[in-house]
Amino acid sequence: MKFNLSYFYYILSLLVLFLNNYELTFIIWLFIAFLTFKLKYSKQIFYIISCYSIIILISFLTEFLFYDHNLYNKVRDLTYLLKPILGLLIGYNISKEFKLNALQYAVKAGVILSFIHLLLVFFAILNHRTLSVSEIREHSGYFNDYEPFVLLLLFFSNSFQIQLTKKQKLTYIVIVGISVFSYLSRTNFLQLILLFLAIKGYFILTARSIKVISLTVIISLIGYFAIYNYNPKRKGSFVDEFLYKVKIIPIEAFKTKINKEDWKDFNDNFRSFENIKTFNQITYGGIQPILTGNGLGSTVDIGRRMQTNDGTIVRYYPALHNAFSTVLLKSGIIGVFFYLLSIFIIFNKIKTNSKEIFYLNNLIKGSAIFLLLSSWVFMGFYLKLDSKSILIGLLIGYREVLNNHLAKAT
């Protein structure tokens, strides 16, 4: 597989995320999107990008007509809201250069990312002499939504026609698999389950799929109740810390009443607290903010100064963990409608007899389902360290390339 400039752009757009500097990430993504820009786009990718563009337009007009936010906040919001568009464009544009080798390049990039992450984990354990889940994640990374995609592409390499020797496949699965596990991210584990079920076609309504989904739910519930009864400690062993995070999943982002004076309740359910604050701020403002939000540059007053994962201390939050709340804040329920519409459009499949496109359709469908989940707990495409927008753009573009290739061959 011959190296080309497009692969350099692709791997650079992913590697920059390790630096955890959004300003640098935005500049590089903007530069790469510009360099790879195409004059022709399919209806699907055009409609998806249009949805995110409309959200920006509503936010801009709302701020212009009803508010007067700080210039810095407006510029910052603009860069945040542009991120999904840039990621999708980068992935889609570069897929046209990769052509039929798109998944080969995607897998190679994932192996590189995984290897770098494992080095970071090793040095975090060595330098800080710790096996604490929170400390390891703080120094080596909290989350990576690209690597689970790659792990499943490796497992189903034959279905996706990814050319690998048995030795390569096994080696790559070990590297990527250990890396994904080392993130100890609950969202990553849920992502793996959802994408696996999707690729296998279990989100297509059949008698077998109903049985498999039902069995998955039952096993998950049994596992959860076992963890709940075990009652893991919040600050305990390596295993306890992780299991405690699993235990609070059902209420962490859905709780409606939180005791701000109880530091444990407040910290464990901070995602819910953000949502409550945002909902109250929007609904108490009347019809206009409900429909179109508080505009570009708006923030939510958390009520106290808090330290974020990147080390900054803030009280007025420009973006929340919940993408729906963030879009509601900027562009109201109209913006939320277009955000949901963008996910619905990602669901669209190409009708064909090709087995490979069948699996691509399933993977993209699973990606859309996962996007719904991650939008509620982890900002979806708007997460500053998000990389799935690039891969989903690549998958959509590659599916078009493959479909055109197969059509010409028949």
Side-chain angles (χ1 to χ4, degrees), residues 110 113-114 117 133-134 136-137 141-156 173 176-204 209-210 212-228 230 232 239-255 268-272 274-275 309 320-325 340 343 346-347 362-383 385-389 391-392 395:
L113 295 179
S114 298
H117 175 241
V133 172
S134 57
I136 291 173
R137 297 182 73 203
Y142 289 95
F143 176 77
N144 187 302
D145 46 16
Y146 187 94
E147 292 175 31
F149 276 102
V150 171
L151 184 59
L152 288 171
L153 286 174
L154 287 167
F155 271 116
F156 294 97
I173 286 176
V176 180
I178 295 175
S179 177
V180 170
F181 178 79
S182 297
Y183 279 106
L184 292 170
S185 166
R186 298 163 296 170
T187 308
N188 276 164
F189 294 133
L190 289 172
Q191 179 184 5
L192 284 171
I193 295 171
L194 284 174
L195 294 181
F196 177 83
L197 293 173
I199 293 172
K200 294 291 287 184
Y202 293 133
F203 290 131
I204 299 172
S209 67
I210 293 173
V212 171
I213 296 296
S214 300
L215 182 62
T216 302
V217 171
I218 291 170
I219 292 174
S220 299
L221 288 174
I222 292 173
Y224 175 76
F225 283 119
I227 292 172
Y228 189 87
Y230 170 69
V239 175
D240 268 24
E241 284 189 50
F242 177 72
L243 293 181
Y244 182 83
K245 298 292 285 184
V246 174
K247 177 186 172 182
I248 64 175
I249 285 176
I251 60 172
E252 183 181 9
F254 300 95
K255 199 171 184 182
D268 285 351
N269 304 293
F270 185 66
R271 285 178 169 85
S272 293
E274 290 179 329
N275 295 337
N309 287 338
L320 300 313
H321 284 87
N322 188 314
F324 298 115
S325 293
L340 288 169
I343 299 175
I346 293 174
F347 267 98
N362 288 345
L363 178 56
I364 293 172
K365 181 190 294 185
S367 303
I369 295 171
F370 173 64
L371 182 56
L372 279 171
L373 170 68
S374 67
S375 293
W376 188 264
V377 298
F378 229 1
M379 286 198 72
F381 281 159
Y382 289 112
L383 180 67
L385 299 180
D386 171 76
S387 56
K388 64 182 169 290
S389 58
L391 188 54
I392 290 175
L395 291 173

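In this chain, residues are counted from 1 in sequence order.
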Taking side chain as C-beta onward, heavy atoms only, is [X] less than 4.5 Å from [Y]?
X: V180; Y: Y146; value: no
X: T187; Y: F370; value: yes
X: L363; Y: L153; value: yes

Minimum heavy-atom distance [X]-[Y], with the two atoms named:
X: S209; Y: G201; answer: CB-O, 4.5 Å
X: Y202; Y: I213; answer: O-CG1, 3.6 Å
X: G110; Y: V150; answer: CA-CG2, 3.8 Å
X: S367; Y: I392; answer: CB-CD1, 3.8 Å
X: S375; Y: I343; answer: OG-CD1, 4.4 Å
X: I369; Y: F203; answer: CD1-CD1, 3.6 Å

So, taking the atom named [atom1] in [X] and the one named [atom2] in [Y], what distance separates them when rounded to the nearest 0.5 Å?
X: D145; Y: L385; atom1: CG; atom2: CG; value: 9.0 Å
X: L320; Y: Y382; atom1: CG; atom2: OH; value: 13.0 Å
X: L395; Y: L391; atom1: CG; atom2: CG; value: 4.5 Å
X: N188; Y: L151; atom1: CG; atom2: CG; value: 10.0 Å
X: N144; Y: Q191; atom1: CG; atom2: CD; value: 8.5 Å
X: E274; Y: H321; atom1: CD; atom2: NE2; value: 5.5 Å

> Is the distance between the ring centroids of F156 and F196 less than 6.0 Å?
Replying inline: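 Yes - the distance between ring centres of F156 and F196 falls below the 6.0 Å cut-off.
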>> E147 and side chain to side chain donor-acceptor pair (under 3.5 Å): which single residue from S179, S387, S182 fits?
In response: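 So, applying the side chain to side chain donor-acceptor pair (under 3.5 Å) to E147 and each of S179, S387, S182, only S179 qualifies.
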> Checking side-chain contact (heavy atoms from CB on, under 4.5 Å) for the pair S389/D386: CA distance, chi angles, key distance, verdict?
Replying inline: CA-CA 7 Å; S389 58; D386 171 76; 3.2 Å; yes
>> Atom CZ of residue position F189 - does it have more than 12 heavy atoms of other residues, nucleotides or ligands inside 6.0 Å?
In response: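 Atom CZ in F189 is crowded, with more than 12 foreign heavy atoms closer than 6.0 Å.
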> Within the side chain of N322, is there an N or O that forms a donor-acceptor pair under 3.5 Å with the backbone of N275?
Replying inline: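 Absent.
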>> Please check this pair: side chain of K388 against backbone of L371, looking for a donor-acceptor N/O pair closer than 3.5 Å.
In response: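 Pair absent, no side-chain N/O of K388 close to backbone of L371.
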>> side-chain contact (heavy atoms from CB on, under 4.5 Å), that's the test. Do F155 and L192 meet it? Break it down for me.
In response: CA-CA 11 Å; F155 271 116; L192 284 171; over 6 Å; no
> Do the ring planes of H117 and Y183 sit parallel (below 30°), tilted (30 to 60°) or perpendicular (above 60°)?
Replying inline: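 Ring orientation, 0 to 90° scale: parallel.
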> Can you list the steps and then say if N362 with I204 is a side-chain contact (heavy atoms from CB on, under 4.5 Å)?
Replying inline: CA-CA 9 Å; N362 288 345; I204 299 172; 3.9 Å; yes
> Going through the distances and angles, do V176 and L113 end up as a side-chain contact (heavy atoms from CB on, under 4.5 Å)?
Replying inline: CA-CA 8 Å; V176 180; L113 295 179; over 6 Å; no
